[in-house]
Number of protein chains: 2
Amino acid sequence: MQNEPNLPASSLVSGAIGAITRRIRDEDLMPGDRLPSEAQLSKELNVSRTVVREALRSLDAMRIVDLATGKRATVAHIDHDAMSLMIEHGVHTDQISIQQIYDVRRTIETRIVALAALRRTDTEAAQILDAAARMRACADRPDELMEHDLALHKLIAGACRNPVFELLVGAFQGITRQTWPVGWKSRPTPQAREVMIATHEEIARAIAQGDPQAATTAMSIHFDESVRALLSAGLS
Amino acid sequence: MQNEPNLPASSLVSGAIGAITRRIRDEDLMPGDRLPSEAQLSKELNVSRTVVREALRSLDAMRIVDLATGKRATVAHIDHDAMSLMIEHGVHTDQISIQQIYDVRRTIETRIVALAALRRTDTEAAQILDAAARMRACADRPDELMEHDLALHKLIAGACRNPVFELLVGAFQGITRQTWPVGWKSRPTPQAREVMIATHEEIARAIAQGDPQAATTAMSIHFDESVRALLSAGLS
DNA sequence: TCGGTCAAACCTGTATGATAGGTTTCGTCA
DNA sequence: TGACGAAACCTATCATACAGGTTTGACCGA
């Protein structure tokens, strides 16, 4: 692994970003490990503190380091915040459509749910069943229903034991949250809404039973329905 | 769409990031549209130019705006650079494993190749066939072979007509590039290496023939092989 | 009228110095 | 050994300055 980070090499700030990134890699730093102070980095890299700050701020934006008042920058845990912003940006600037996002979600979440069925712990299975039950209990309260729906998908992503999938599910959460009310409203009948809840229950059941095929089928049905609902609401 | 960006609301810089993001959204700005100057934003947001610069630098890192000397910030096209850095960071800090990335790649790229078979233009089909032919022609020159291999995957992602998938393929490119030589070397025989090239040719053929099933099958085979090769090289 | 040129105004990237407030380290004492 | 407090360290923000890049508009010639 001897590659330079994928950056335009055109400014002192981008140079500092590269140098800090390389330092993290070369010294095998782990999340929580401390970096040198801004003053020290400024001296080592032979740039002003302004440049170091802007570089660190960029790395913070990408969740590569954590910044805090009075403390030195530390190496960050991966996190979906930046990806979420980027996806939302794509949607708001008409570069990405909702249907495109749902195609990707369907693709990854049908795989995730199969892995979750195979890899979940008993605790996770119980939590997933609980989230589905809470959806059932909030059927007439859409705001709460949405929160449990989102929580269920998050739990499933956690149970799949692949942090990249988890990151991606998190990255789509902002847009999911924004489109959920539209989808719910556009389900035409109480029966259609009932199917949505029952499908989530089926997903949970399949995961708890460790049945990846049933889980995949149920998740596929869920997404096909959701796409239909959003389409009928004019979200293309 | 009335949601706040997903940010900790704990500093002037994060506040400025939110304000600028909101402005892009509320004014329906598109890629290439100009934002106010740093001085103007400083005045409007009632913060120092430092805060504005750090906010813009953060947004630049996430490829939400573009910065350039002498020019005002503009709204950016989506781009995989930041995601690529984030994925690499996850790998280097032992938060993500290579096998996890390949699981995600297999999941998305088998979907992408099916879409590409359905949606490619004749020009794209020709380019894809050409890239596969160039792989064949460079079979004894691994560096060039890798470049054509990477280019082929990129072309396929482009042909699928889903910019989110394209973003994700780009996001994994850094790690793919870093692991490719390992996988190549760990294919034990000339026969095994031949299979890799032939599989890419089969992928290209299936796309050109508009056959999503054949494309999906070939891509699955390709990933199963690649995962095996990387595993046998100790990359888990 | 249109296109080219040029200068002024605008604009950013970087540096430097300063201050307020948060965090860490280390010496002291019970 | 653990608690406390002070000094040193550290960051977030502000202000000012300068070098160099970009944009705009006036002017002039064809």
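So you know, we letter chains A, B, ... as the sequences are listed, proteins then strands, and number each from 1.
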Item to check | Residue-phosphate contact under 4.0 Å: Thr69(A) side-chain N/O, dG22(C) OP1/OP2 | outcome: no
Could you state the atom-to-atom distance from [atom1] of [X] to [atom2] of [N] in whole Å?
X: Asn46(B); N: dA12(D); atom1: CG; atom2: P; value: 20 Å
X: Leu12(B); N: dA20(C); atom1: CG; atom2: P; value: 16 Å
X: Leu56(B); N: dC11(C); atom1: CG; atom2: P; value: 13 Å
X: Leu67(B); N: dG20(D); atom1: CG; atom2: P; value: 21 Å
X: Asp60(A); N: dT11(D); atom1: CG; atom2: P; value: 13 Å
X: Glu38(A); N: dG22(C); atom1: CD; atom2: P; value: 17 Å
X: Leu45(B); N: dT13(D); atom1: CG; atom2: C1'; value: 14 Å
X: Gln40(B); N: dT12(C); atom1: CD; atom2: C1'; value: 15 Å

Checklist entry - Do the non-hydrogen side-chain atoms of Tyr102(B) and Leu235(B) ever get within less than 4.5 Å of each other? => result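 When only atoms from C-beta onward are counted, Leu235(B) and Tyr102(B) do not touch, as no gap falls below 4.5 Å.
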Checklist entry - Considering only heavy atoms from C-beta outward, does the side chain of Asp66(A) approach that of Lys71(A) to under 4.5 Å? => result no
Side chain of [X] only, heavy atoms from C-beta on: which candidate in [options] is closest?
X: Arg34(B); options: dT13(D), dT23(D), dT14(C); value: dT23(D)
X: Arg49(A); options: dG21(D), dA12(D), dA17(D); value: dA12(D)
X: Lys71(A); options: dT23(C), dT13(D), dT12(C); value: dT23(C)
X: Glu54(B); options: dG21(D), dT13(D), dA15(C); value: dT13(D)
X: Ser37(B); options: dA15(C), dT13(D), dT12(C); value: dT12(C)

Checklist entry - Which heavy-atom pair separates Leu35(B) from Arg72(B) by the least distance, and what is that distance? => result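 Of all heavy-atom pairs spanning Leu35(B) and Arg72(B), the closest is O-NH1, 2.8 Å.
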Checklist entry - What class does the angle between the rings of His153(B) and His222(B) fall in, given that below 30° is parallel, 30 to 60° is tilted and above 60° is perpendicular? => result tilted
Checklist entry - Where each residue is assigned the nucleotide of DNA chain D containing its nearest heavy atom, which of Arg72(B) and Gly70(A) is assigned the position nearer the 5′ end? => result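 Going by which nucleotide is closer to the 5' end, it is Gly70(A).
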Checklist entry - For Glu109(B), which of Arg106(B), Arg105(B), Arg111(B) qualifies under side chain to side chain donor-acceptor pair (under 3.5 Å)? => result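 With Glu109(B) as partner, Arg106(B), Arg105(B), Arg111(B) yield a single side chain to side chain donor-acceptor pair (under 3.5 Å), made by Arg105(B).
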